[in-house]
Amino acid sequence: MEITLIMQTARSASIEIKDGGRHFTKKPYTVRLNGRDALTTEHTITSLYNLKPDTEYLAEVFDADEKLGEISFKTDYEYVTLDVTKFGAKGDGEHDDTHFIQAAIMACPRDSRIYFPSGVYRITSLFLKSHIRIELAEGAELRAFTDRERFPIFPAMLQSYDETDEYNLGTWEGNPLPMFSGIICGVGVEDVIIYGKGTVNGNSSKDTWWKDPKVMKIAFRPRLFFISGCRNITLQGVKFCNSPSWTLHPYFSDNLKFIGVTVENPADSHNTDGLDPESCKNVEILGVRFSVGDDCIAVKSGKIYMGRKHKTPSENIHIRQCLMEDGHGAVTLGSEMAGGVVKLTVEDCIFRHTDRGLRIKTRRGRGKDAILDDIIFKNLTLDNVMTPLVVNSFYFCDPDGKTSYVQSREPYPVDDRTPVIKKMVFENMECTNCHVAAAYFDGLPEQKIEEIYMKNISIRYAENPKCDVPAMSEGVKKSSRRGLFARNVVRMTLENVSIEGQDGEAYELIGVDELIHKL
């Protein structure tokens, strides 16, 4: 069995146990460090903590007394540790520790650690700086205040002095709008790792941030973790919960890693997406567990203004060994994607109890830069997902979302407002206990989906299926046990695709120019 090293800091490491499991290993294993039992794990991505800096380690994986694999690594150098309690933070769950923690962050030298021992630290916004490591020990919780007046405001757009450029700070749902700074916030920083077994708790409720969630009160709701214009940022192991809005929101950032973290928000919380990379590139999302009130992962690239001006797609995103439980979509693209999404791969994941597996949300008006291409889903297990695959070119978001221009199934002229969907590949997917439809692909009549390739996919339905709409657009009727629906596709390949137990036809194909069907 192969064991690989995913990452290491001076005090932690993450390894991958490759026994063929998806998110979970096929059985529990014991991990030994330098000959001593360290932990028992059931996760393919396993993190190790309480390590010593600048030290050689041998990690061995055992099934009972049988050694299955090993990996050697050396932890990083560390200069000093700054304990936040030495700076005045009390961690008693009552006092405001923001100022004391911020002092520790600003005083931290390169190659050093900011350390949170066990305790509850009340905070508003903490601002990151470059070249730091932050460890939240087991039992350490950063618990946010919820009073709006305590939070800094990020203005939406600031004009440069010579009026040749602009500086965007605040953002809300793909538009430049004023927002409160994130609970953990970074602007223009690089080389930051936040890790450990602790928790970042937004402390939100229906009496605070989730009350009247669409109304801007002073500014729009903060994110639990927000970075803008950053690079080389890693989150490892930490739990993020009860976010005011989107939980993890990297914005126009590069080279990001999310490894073994947990994202939890109540199922009825508003707009609490798990992870929303927006106009980001080179993103690895590995071994993460999501259970949220909206989409688990929502890849974005701005609404019309930001997409057209900056033309910055989200690209080269790799999602694997993740668990998506409870959410509107397991992996969603859009709807704010006017800059496009390209080169996205999702593999070796489990989707459970989400409304949809893949959820593409686009519409007329997103523009010619709103290109979706090289989208790959493979080696996936879906259980109790209402509709496994949804591509909706008529998503009725925004004030004009239900106008005839957006919703008409008649062709419009192709112009600068017309989005594009190119190639999508779906392979090796086992879908059980589906409810609404096997798949729902609805392309624009004037700009058809260029290619859908499906291979080795099995779809079975729940005994007592729920009835709902497969896609949020006008004219889509509620259904249950519906087969595969595809409309306005240039080329569609179905190879070893099995649909069993549907009501009615297994395939509803309308306006599919070329169909390659192999049993």
Side-chain angles (χ1 to χ4, degrees), residues 98 122-125 143-158 168-185 187 200-228 240-251 263-276 278-279 292-296 298 300-307 326-329 332 334-338 355 359 361 363 365-366 395-403 406 472-474:
T98 306
R122 300 304 305 275
I123 60 171
T124 52
S125 284
R143 184 182 299 171
F145 290 103
T146 57
D147 308 324
R148 281 173 165 79
E149 292 77 11
R150 289 176 177 259
F151 285 82
I153 297 171
F154 277 3
M157 195 71 77
L158 302 173
N168 172 223
L169 274 174
T171 174
W172 179 256
E173 295 187 346
N175 282 323
L177 292 166
M179 71 173 191
F180 293 109
S181 58
I183 311 302
I184 307 295
C185 194
V187 179
V200 181
N201 184 355
N203 199 30
S204 303
S205 70
K206 292 184 178 179
D207 295 324
T208 57
W209 293 116
W210 300 334
K211 184 177 181 180
D212 301 324
K214 293 294 186 180
V215 178
M216 187 182 79
K217 300 176 183 178
I218 306 175
F220 280 106
R221 290 177 284 157
R223 267 54 106 205
L224 193 53
F225 174 84
F226 175 77
I227 55 172
S228 177
F240 295 84
C241 62
N242 301 316
S243 177
S245 59
W246 297 350
T247 307
L248 309 176
H249 183 199
Y251 188 63
V263 180
E264 286 186 2
N265 298 308
D268 60 351
S269 56
H270 295 278
N271 304 110
T272 56
D273 294 7
L275 171 53
D276 290 22
E278 185 169 1
S279 295
V292 297
D294 207 319
D295 295 319
C296 295
K300 302 176 181 291
S301 57
K303 282 189 181 174
I304 296 169
Y305 176 82
M306 295 300 290
D326 301 314
H328 294 178
T332 295
S335 67
E336 306 90 352
M337 41 69 72
D355 292 345
R359 186 188 189 196
K361 301 182 293 185
R363 41 151 290 183
R366 283 293 180 252
Y395 185 62
F396 52 39
C397 60
D398 301 332
D400 67 337
K402 296 186 179 181
T403 62
V406 177
M472 297 174 67
S473 58
E474 292 287 285

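What you see below is based on every heavy atom in this structure, not just the backbone, and it leaves out hydrogens, waters and symmetry mates.
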> Taking only residues two or more places apart in sequence, or in another chain, which ones meet F240 in a ring pair (Phe, Tyr, Trp, His ring centres under 6.0 Å)?
Replying inline: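 In terms of ring pair (Phe, Tyr, Trp, His ring centres under 6.0 Å), with neighbours along the sequence ignored, F240 is linked to no residue.
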> Who pairs with W209 by ring pair (Phe, Tyr, Trp, His ring centres under 6.0 Å), at least two apart in sequence or on another chain?
Replying inline: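 Counting only residues at least two positions away or on another chain, W209 forms a ring pair (Phe, Tyr, Trp, His ring centres under 6.0 Å) with F151, F180.
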> What pairs with D147 under side chain to side chain contact (heavy atoms under 4.5 Å, CB included), at least two apart in sequence or on another chain?
Replying inline: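 Side chain to side chain contact (heavy atoms under 4.5 Å, CB included) check on D147 returns E149, R150.
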> What pairs with H328 under side chain to side chain contact (heavy atoms under 4.5 Å, CB included), at least two apart in sequence or on another chain?
Replying inline: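 Expected list: D294, D295, D355, R359.
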Do [X] and [Y] get their side chains close enough for a donor-acceptor pair, meaning under 3.5 Å?
X    : Y    : value
T247 : N265 : yes
N242 : N203 : no
S125 : S181 : yes

>> I'd like to check the salt bridge (Lys or Arg N to Asp or Glu O under 4.0 Å) partners of E336; sequence neighbours left out, ordered by chain and number.
In response: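 Scan of E336 (salt bridge (Lys or Arg N to Asp or Glu O under 4.0 Å), adjacent residues dropped) gives K300.
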Side-chain ([X]) to main-chain ([Y]) donor-acceptor, under 3.5 angstrom:
X    : Y    : answer
S269 : T272 : no
W210 : S243 : yes
N168 : A156 : yes
R221 : P244 : yes
R363 : C397 : yes

>> As a quick check of understanding, evaluate salt bridge (Lys or Arg N to Asp or Glu O under 4.0 Å) for K303 and E278, giving each step before the final call.
In response: CA-CA 11 Å; K303 282 189 181 174; E278 185 169 1; over 6 Å; no
> Who are the side chain to side chain donor-acceptor pair (under 3.5 Å) partners of D326, not counting sequence neighbours?
Replying inline: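 With sequence neighbours excluded, D326 shows a side chain to side chain donor-acceptor pair (under 3.5 Å) to no residue whatsoever.
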Looking at every non-hydrogen atom in both residues, tell me the closest pair between [X] and [Y] and how far apart they are.
X    : Y    : value
P155 : L169 : O-CB, 3.3 Å
T403 : D400 : OG1-O, 2.7 Å
S245 : P222 : OG-O, 2.8 Å

>> Please check if the number of heavy atoms outside K217 that lie under 6.0 Å from its NZ is greater than 12.
In response: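 Enclosed: over 12 neighbouring heavy atoms sit under 6.0 Å from NZ of K217.
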